[in-house]
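Right, one structure below, let's go through it.
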Amino acid sequence: MSKPHDYQTKAIILSKTRLAEADRIITFFTPEHGKIAAVAKGVRRPNSRMSGHLEVLDYSHLNLARGHNLDIITGAQTLDSFLPLREDLTRGAYGLYAAEIVNQFAMENLENRELFDLFLKTLERLSYQDNLEIATYYFELHLLKEVGFKPEFKECLSCHRRLGEEESVFNFKSGGTLCAHCAQGKPWSFPLSFGALKVLRMLQDDDYEQVKGLKLEPVTHEIEGALRNYFYYLLEKDIKSASWLDKVKKMP
Amino acid sequence: MEKQASPVERLIQELSKLPGIGPKSAQRIAYHLLRAPAEQVNGLALAITNLREKTHLCPECFNITDGDLCNICSSEKRDKGLICVVEQPQDITVISRLGSYNGLFHVLHGAISPTEGIGTSNLKIDELIKRLERSPVREVIIATNPTMEGEQTALYLKKIISPLGIKVTRLARGLPFGTELEYADNATLTHAIEGRAEF
Ligand SMILES: [Zn+2]
Ligand SMILES: [Zn+2]
């Protein structure tokens, strides 16, 4: 959808970089136009009209004007600033991790309302609910669906056998599971126990309300490893904030 | 054969790398310097050379200094039981300008920025902890910017400093989220420091 000269949108702020004269380039995610980078003038000044409404992880209503190169933010009003993400180290680290993943996968000028709603819901869960790990895995699996990389976890993608008790393999190149036989000699394979496979299926297919109480132990590390490595395969780089999240999670 | 860039082009290239200077401004500055009196241009060149050759980081607080210790750390009049932690050396200037703060500083040289891969090891955090272990400090005021990165840094520092038995305070919430100390006016900043609280 092409944008008019002046337009407004809801947005979640993903990242920011400094420009001269207290300006910033703000990158944000919108339901209608996907990811946008735009200039916000003077927002590093505490007396700026827009300051306080354009910080990373703010959910805001923005007014914009089309620019030569980058669009210009002409107004901003916070709808939810997710205070717990600012005031709690662990919640904040999870929020930044989610924002980086959206930043990596979201496309510019491509409508994706489902991904926007998922991201918004995830920030609410990370702010106000307790099971941050489940909220994050749920988010990661559903994001993969919304950006066209939904992994198959039901059957072997090669021989179409339904996978049961035996150990299977998450093969990144095929985009899902293979049975042990078909996986032989295939690179980009991540072994999965049946326990982990079952949890992945539930996280992928069930509503959040049904899975939020799941006991992840002892398969947490398998699920985390499978998703992190799949992201690495798809993006050809690490999610940088993962190491900070891991450090924070280990703190007492 | 590749053509060597002319001295004017070289200068324009270098100036364009500076923050806030685009190619057009760079060109304007370069031609201004071509016409300016020789003393002025030589003075500028010398100031730039000295900036790197005659300054270093204070081994105590990591402020920029041309002496051994910086003039704040070496002052007899400062309250050595109070350390204000800031992101960058410019923030010391901003807070000192108020005239009301009489403690010491510690410059982290940035903030924890997970999405940019900047973690604790890239900042002067270990140095801060060592400093707190060897000197009688009763309060650490965390004056990182009220941004997501500044908050993560503050919360992390609180977690690792509190077990040392030192009071940890944070600037009061007078500064809107997403702004930077460097651009705060004196009244707002004075209010934020005076209203600091444990968090
Ligand atoms: Zn098979
Ligand atoms: Zn010093």
Side-chain angles (χ1 to χ4, degrees), chain A residues 13-24 26-27 40 42-58 60 76 78 81-83 85-97 99-101 103-104 237-248 251-252, chain B residues 16 18-22 25 87-88 90-91 94 110-123 125 144-160 162-163 170-192 199:
Chain A
I13 314 300
L14 299 174
S15 66
K16 57 181 196 275
T17 48
R18 285 182 177 137
L19 286 178
E21 299 304 321
D23 298 351
R24 279 197 183 120
I26 309 278
T27 303
V43 281
R44 287 152 65 193
R45 293 180 206 284
N47 58 3
S48 146
R49 207 164 27 84
M50 291 189 291
S51 70
H53 305 279
L54 289 172
E55 182 51 13
V56 174
L57 299 177
D58 271 341
S60 296
T78 305
S81 60
F82 301 110
L83 226 53
L85 303 182
R86 328 281 172 191
E87 293 173 349
D88 183 286
L89 183 63
T90 313
R91 290 182 192 276
Y94 271 103
L96 288 172
Y97 174 75
E100 185 180 349
I101 293 177
N103 208 347
Q104 290 299 330
K237 60 182 164 193
D238 282 318
I239 302 293
K240 287 188 197 141
S241 41
S243 60
W244 174 243
L245 177 60
D246 292 344
K247 187 182 172 101
V248 167
M251 288 185 81
Chain B
S16 311
L18 298 174
I21 297 187
S25 312
E87 289 186 20
Q88 45 175 8
Q90 296 93 296
D91 300 335
V94 178
I112 294 167
S113 312
T115 51
E116 284 155 53
I118 298 172
T120 54
S121 59
N122 307 100
L123 306 170
I125 289 181
T144 50
N145 288 325
T147 59
M148 202 54 208
E149 295 77 16
E151 291 299 319
Q152 287 272 296
T153 309
L155 292 163
Y156 175 78
L157 289 177
K158 181 188 158 56
K159 274 205 175 189
I160 58 171
S162 293
R170 181 88 174 103
L171 294 190
R173 298 246 163 260
L175 299 160
F177 228 79
T179 60
E180 295 178 17
L181 255 54
E182 193 182 340
Y183 297 98
D185 61 83
N186 288 0
T188 311
L189 199 54
T190 303
H191 194 78
F199 65 114

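Just so it is clear, the structure is predicted and the values come from calculations on it, not from any experiment. Convention: sequence-line order gives letters A, B, ...; per-chain numbering from 1.
- Interface remark: of the candidates B:T120, B:L181, B:L175, B:T120 forms the most heavy-atom pairs closer than 4.5 Å to chain A.
- Atom-to-atom distance recorded for B:E116:CD and A:L96:CG is 10.5 Å, nearest 0.5 angstrom.
- Highest contact tally toward chain A, considering only B:I160, B:T147, B:N145, is held by B:T147 [criterion: heavy-atom pairs under 4.5 Å].
- At a threshold of 4.5 Å between non-hydrogen side-chain atoms, the residues A:M251 and B:Y156 count as touching.
- Neither the backbone nor the side chain of A:L54 comes within contact range of chain B; no heavy atoms are under 4.5 Å apart.
- No part of A:S15 comes within reach of chain B, as not one of its non-hydrogen atoms sits under 4.5 angstrom from that chain.
- We find that B:E149 and A:K16 are joined by a salt bridge, their nearest charged nitrogen and carboxylate oxygen being less than 4.0 Å apart.
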Verdict with reasoning, A:E87 to B:F199, per side-chain contact (heavy atoms from CB on, under 4.5 Å): CA-CA 9 Å; A:E87 293 173 349; B:F199 65 114; over 6 Å; no

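- For A:R44 (side chain) and B:E182 (main-chain N/O), no donor-acceptor pair under 3.5 Å exists by modelled atom type.
- Heavy atoms closer than 4.5 Å to chain B are found in both the backbone and the side chain of A:L89.
- Counting heavy-atom pairs closer than 4.5 Å to chain B, the top residue among A:G95, A:G92, A:G42 is A:G92.
- Both the backbone and the side chain of A:V56 come within contact range of chain B, each with at least one heavy atom under 4.5 Å from a heavy atom of that chain.
- When heavy atoms are compared at a cutoff of 4.5 Å, A:A93 approaches chain B by way of both its backbone and its side chain.
- Heavy-atom pairs under 4.5 Å with chain A were tallied for B:I112, B:I118, B:D185, B:T188; the largest tally goes to B:I112.
- The choice from B:K158, B:E180, B:E151 that makes the most heavy-atom pairs within less than 4.5 Å of chain A is B:E180.
- Residues B:P114 and A:W244 share a closest heavy-atom pair of CG-CD1, 3.1 Å.
- Not counting sequence neighbours, the partners of B:L18 by the side-chain contact (heavy atoms from CB on, under 4.5 Å) test are B:L15, B:I21.
- A:R45 meets the salt bridge (Lys or Arg N to Asp or Glu O under 4.0 Å) test with no other residue; sequence neighbours excluded.
- B:S113 and A:K240 form no side-chain donor-acceptor contact under 3.5 Å, judged by distance and modelled atom types alone.
- Of all non-hydrogen atoms in A:V43 and B:T179, the two that sit nearest each other are O-CG2, 3.8 Å.
- In this structure, chain B has no heavy atom under 4.5 Å from any part of A:D23.
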